[in-house]
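Working notes, structure below.
Proteins come first, then strands; the chains are lettered A, B, ... in the order of their sequence lines, and each starts at number 1.
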Amino acid sequence: MTDSVTDQKATPVDLPAAAIEDLRTGIQAFKEDPGSLLEALYVVQDRFGCVPREAIEVISEELGYPEAHVYGVVTFYTMFYTEPQATHILRICRDLSCHVNGAVGVIAAAEKKLGLHSGQCSEDREFKIEQVSCLGQCERQPVLLDNLAVHGSMTPARVEELIDSLRGEAS
Amino acid sequence: MPEVLVVNRNLQKEQSWLLETYRRDGGYAQAERAVKGMSPEEVIEVVTASDLKGRGGAFFPTGFKWKLVRGDPNTPRYVVANGDESEPGTYCNRFLLEKDPHGFIEGMIIAAYAVDSHTGYIYIRGEYGLAIERVREALRECYEAGILGSGILGTKFDLDIILRRGAGAYICGEETALFNSLEGKRGNPRFKPPFPTNSGVWSKPTTINNIETFACVAPILEHGAEWFKDLGDGDDNAGTKVYCLSGNVRRTGLFELPLGVTARELIFEYGGGMPEGRTLKAFKPGGASAAVLTADEVDVKLDPSIMQYGTIMGTGGCIVLDDTASIVESAYRDALFFEEESCGFCIPCRQGTPNLVQILERILHGEGSMADLDLLESIGESMASSFCGLGQFAYRPVVGALHKFRDEFESYVRGELPVSA
Ligand SMILES: Cc1cc2nc3c(=O)[nH]c(=O)nc-3n(C[C@H](O)[C@H](O)[C@H](O)COP(=O)(O)O)c2cc1C
Ligand code: SF4
Ligand code: FES
């Protein structure tokens with residue numbers, strides 16, 4: 001979360017002009033709600049899977065924030081992404097309660113099953129693994145979120161099953 | 001001590017999150033009574049007399065906070081519910097948000113009336129998908145039923161409450177960082193003073209309270225200040241606390257107990273003790289920010305007085321470690337958390353948190369030296385001057401573990417313990 005505001009820009013994803021116009025209309029309501037930038041960014045991300053460069057431009061124009069401000073906000077929060085992400089972001093908790101209940105094994109099993117390191121997206125963009133801070137679900141230690149869906153009491157075997165069943169849904 | 005369900009009284013009910021369920025048992029009657037029949041000063045007096053203290057971890061007296069906000073002539077004033085709940089080992093707010101959203105919303109309405117505020121914000125961490133859905137729906141129900149909006153509950157008092165989501169940042173639980181986030185900015189903390197009571201959201205007087213704090217308010221109005229005070233352990237503590245248990249313990253979960261229950265009761269009676277064949281080694285009374293205590297200290301009370309043992313009560317998220325757990329590894333996990341969550345705004349914390357991680361990694365890999373142990377201490381000293389509470393607490397679990405379990409750190413350095421992953 002520590003990246004400072006630089007002159008970097010988010011990646012453009014070649015949004016069609018119609019999508020950009022649609023977004024322009026979609027965020028008009030936020031003009032009336034001061035401070036609602038994060039909510040506007042959620043709208044963007046729900047549509048495009050990340051906050052691409054074009055969307056930062058639209059938000060800046062419509063809501064009146066400098067582009068650098070919008071970029072700075074996007075990069076501050078770990079749940080916003082400037083790059084296209086995977087369909088399933090597997091967020092696995094690495095904090096203490098989950099740790100003493102086998103989180104390391106769960107993470108290793110997910111990495112092995114998908115052939116990925118934490119932080120990486122699979123080539124087909126189906127999966128990404130993230131090691132994250134406490135998810136506030138510690139009674140079900142160790143915990144994994146598939147996007148926002150909670151899966152508790154994880155084991156290496158259960159994480160493999162989960163990945164298989166998510167793959168099944170996709171095909 | 002038996003479990004006492006005040007804050008969590010509604011959680012077991014079927015469809016507990018619906019307005020209909022909440023109203024069936026007298027829900028919103030206290031907000032209505034306050035707005036229609038009490039003066040704001042009377043409300044503040046009752047809450048002050050109840051000795052309710054903020055459940056967000058700092059235990060600041062709630063009635064006094066409201067009095068300060070009301071006493072500031074600057075308007076508009078704001079009410080903010082802090083549902084960022086990201087302290088490791090803590091999940092009590094989540095149950096309230098998911099299963100009894102109307103309970104804390106009623107508390108917010110009473111607070112808004114008390115400080116004469118017409119806009120409230122609820123800030124919930126972005127990972128809490130179900131909580132966000134339920135609160136959004138609860139607000140919709142309130143507007144439909146005239147509990148929120150213009151002229152609430154058939155009175156002349158107007159109140160809007162706006163739901164906002166965080167997006168993955170522990171620091172946004174810190175009140176001034178939360179205000180920045182609400183205003184559409186990066187979640188860096190602000191310098192204090194001015195304090196939120198004078199300068200909070202939009203630099204206006206603001207009362208910010210934890211979800212559980214707000215959830216205590218309607219029961220206090222219903223049953224009275226004395227009743228609430230008597231719920232505590234009989235010493236200095238008023239009311240109950242929803243303790244969360246996790247780690248190496250048989251039963252995890254929430255236990256609402258008189259504030260000031262001992263760690264022994266919580267861990268052994270309610271948590272059922274350690275898994276088969278294991279013994280208690282240590283516990284962290286209040287999330288990652290709290291330094292560990294040893295098994296010998298298990299008779300301490302879980303209340304703010306725990307400071308005398310060099311740790312904090314924090315959120316009441318008690319993390320239990322048994323004899324199979326490595327203290328050095330647990331300190332490393334805490335250090336990783338703070339490194340990731342440091343907002344990077346000030347140097348002692350931005351530099352100190354990764355330094356702690358690197359040194360602990362060295363030690364865990366059997367490559368540490370005795371000098372590294374002193375280095376942990378001196379980094380801690382430099383972090384004490386951090387800008388906000390995150391950095392001011394981040395080193396304490398590491399240095400605290402070193403003080404209480406120095407032998408174990410030294411064994412790692414001498415290469416006597418299994419080299420960990
Ligand atoms: C780093 C940091 C994180 C915090 N996170 C939370 C949180 O998630 N929830 C919370 O209620 N208070 C949190 N606090 C405390 C708040 O700043 C504030 O004191 C609290 O919300 C006030 O509510 P209360 O008086 O009801 O306790 C945090 C403080 C710090 C320094
Ligand atoms: S102490 Fe840490 S979290 Fe707080 S302002 Fe400094 S860098 Fe940010
Ligand atoms: S420590 Fe893993 S969810 Fe809390």
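With a 4.5 Å cut-off on non-hydrogen atoms, B/L163 touches chain A through its backbone but not through its side chain. Heavy atoms of B/L321 lying under 4.5 Å from chain A belong exclusively to its side chain. Contact annotation for B/S181: both backbone and side-chain heavy atoms come within less than 4.5 Å of a heavy atom of chain A. Of the two parts of B/R164, the backbone and the side chain both hold a non-hydrogen atom closer than 4.5 Å to a non-hydrogen atom of chain A. Residue B/N93 does not touch chain A at all, counting heavy-atom pairs closer than 4.5 Å. Contacts of B/F345 with chain A are absent, with no heavy-atom separation under 4.5 Å from either backbone or side chain. With a 4.5 angstrom heavy-atom cutoff, B/T90 touches chain A only via backbone atoms. When heavy atoms are compared at a cutoff of 4.5 Å, B/L336 approaches chain A by way of both its backbone and its side chain.
In this structure, B/I347 places its CD1 atom where only 12 or fewer heavy-atom neighbours from other residues, nucleotides or ligands lie under 6.0 Å away. No more than 12 heavy-atom neighbours from other residues, nucleotides or ligands sit within 6.0 angstrom of CD on B/Q12.
Per-residue counts of heavy-atom pairs under 4.5 Å with chain A were compared for B/K185, B/R165, B/R251, B/K284; the largest is that of B/R165. Of the residues considered (A/L63, A/N101, A/L41), A/N101 shows the highest number of contacts with chain B, using heavy-atom pairs under 4.5 Å. No other option in B/G184, B/G129, B/A167 has as many heavy-atom pairs under 4.5 Å with chain A as B/A167. Counting heavy-atom pairs closer than 4.5 Å to chain B, the top residue among A/C98, A/A40, A/S97, A/A149 is A/S97. Listed options B/G317, B/C172, B/S246 were ranked by heavy-atom pairs under 4.5 angstrom with chain A; first place goes to B/S246.
For the residue pair A/Q120 and A/K128, no side-chain donor N or O sits within less than 3.5 Å of a side-chain acceptor on the partner. Side-chain polar atoms of B/Y143 and B/D160 form a donor-acceptor pair below 3.5 angstrom. If you check the side chains of B/R190 and B/N180, you find a donor sitting under 3.5 Å from an acceptor. For B/S342 and B/E340, the side-chain atoms include no donor-acceptor pair closer than 3.5 Å. No side-chain N or O of A/Y81 forms a donor-acceptor pair with one of A/Q45 less than 3.5 Å apart.
The two residues B/N210 and B/G56 have their closest heavy-atom pair at CB-N, 3.5 Å.
Below 30°, between 30° and 60°, or above 60°: for A/Y65 and A/H69 the angle between ring planes is below 30°, a parallel geometry.
Under the 3.5 Å distance criterion, the side-chain polar atoms of B/E85 are matched with a main-chain donor or acceptor of B/C92.
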Step-by-step side-chain hydrogen bond (donor to acceptor under 3.5 Å, both in side chains) determination, B/T176 to B/E174: CA-CA 6 Å; B/T176 62; B/E174 195 282 333; 2.6 Å; yes
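For an aromatic pair to be called close, the ring centres must be under 6.0 Å apart, and B/F337 with B/Y170 satisfies this.
Below 4.5 Å, heavy atoms of chain B meet heavy atoms from A/S133, A/C134, A/L135, A/G136, A/Q137, A/C138, A/E139, A/R140, A/Q141, A/L145, A/L148, all part of residues 129-148 of chain A.
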